[in-house]
Amino acid sequence: MKKVAVFASGNGSNFEAIAKTKFRNIEVKLLICDCATAYVRERAKVFDIQTHVILPKTYETKEAYEEEILRILKKEAIDLIVLAGYMRFIGPTLLGAYRNQIINIHPSLLPAFKGKQAIKDAFHAKVKYTGVTIHFVDESIDGGQIIIQESVELADKSLSDLEAEIHQVEHRLLPQIIQELLGGES
Ligand code: GRF
């Protein structure tokens, strides 16, 4: 059985999509959350998934914060870290320990529209297509090796319709890629 840890900071719809997937030989072992008020914690309760709220401000350095997370990941023998709306950069401590074992989902066709407002930015730029990218995490910002991309056409969609469609794609793609990375074809 392979074990997955999800990191999330806010709403957690991607976390939920993962939590409710019936994987083959994969267990969603735990949630790491860096925000005490994040709604994702409520979702984790429903699925009875072990949650660790680790608040960066209570650590003197980023290294100490990440070492605390690493201790939990090692204790549970985590195989893959999935960043699903985790609003922090991963530092050398976690990157060193989990090289090529950390993936992130981003709501644009990277390298276009990096950053936190990717859907809005693409919408206002009036591009013909935007989409979803899942990539490995490295030292760069939204720049690691791309695993999969799927495009979504803007056409004459409203911003909220576009957001909804992108999230639908995310919720389908992320569990699929986790299964592929850890257990062959889904
Ligand atoms: C998603 O759009 C994801 O691509 C981005 O942050 C958002 C998180 O949404 N990294 P949610 O918390 O999973 O609902």
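Counting starts at 1 for both ligands and their atoms, in listed order.
- Leu159 and Ile166 fall within a single hydrophobic cluster, where Ile, Leu, Val, Met, Phe, Trp and Tyr side chains are chained together by heavy-atom contacts under 4.5 Å.
- Near His167, the atoms of ligand 1 lying under 4.0 angstrom from a non-hydrogen atom of the residue are 2 (O).
- No side-chain N or O of Gln168 forms a donor-acceptor pair with one of His171 less than 3.5 Å apart.
- A donor-acceptor distance shorter than 3.5 angstrom exists from the side chain of Glu66 to the backbone of Leu94, with no hydrogens or angles considered.
- With contacts defined as side-chain heavy-atom distances shorter than 4.5 Å, the pair Gln101/Ile78 does not qualify.
- The shortest side-chain heavy-atom distance between Thr133 and Phe113 does not fall under the 4.5 Å cut-off.
- Atoms of ligand 1 lying under 4.0 Å from at least one heavy atom of Asn11, given by number and element, are 12 (O), 14 (O).
- Of the protein's non-hydrogen atoms, the one nearest atom 9 (O) of ligand 1 is Asn14 ND2, 3.8 Å.
- Between atom CD1 of residue Ile18 and atom CZ of residue Arg43 there is a gap of 11.5 Å, rounded to the nearest 0.5 Å.
- When all heavy atoms of Ala5 and Leu73 are compared, the closest pair comes out as CB-CD2, 3.7 Å.
- Of the listed residues (Gly85, Ala17, Gly10, Gly12), the one carrying the non-hydrogen atom nearest atom 12 (O) of ligand 1 is Gly12.
- Remark: minimum distance from atom 10 (N) of ligand 1 to any protein heavy atom is reached at Ile105 O, 2.9 Å.
- Numbered from 1 in the order shown, with element, the atoms of ligand 1 that lie under 4.0 Å from a heavy atom of Pro107 read 2 (O), 4 (O), 5 (C).
- The nearest heavy-atom contact from the protein to atom 14 (O) of ligand 1 is Ser13 OG, 2.5 Å.
- Of all protein heavy atoms, the one lying nearest to atom 4 (O) of ligand 1 is Glu170 OE2, 2.3 Å.
- For a threshold of 3.5 Å applied to N or O pairs, the pair formed by Ala84 and ligand 1 contains no separation below that value.
- Distances between N or O atoms of Asn104 and those of ligand 1 include no value under 3.5 Å.
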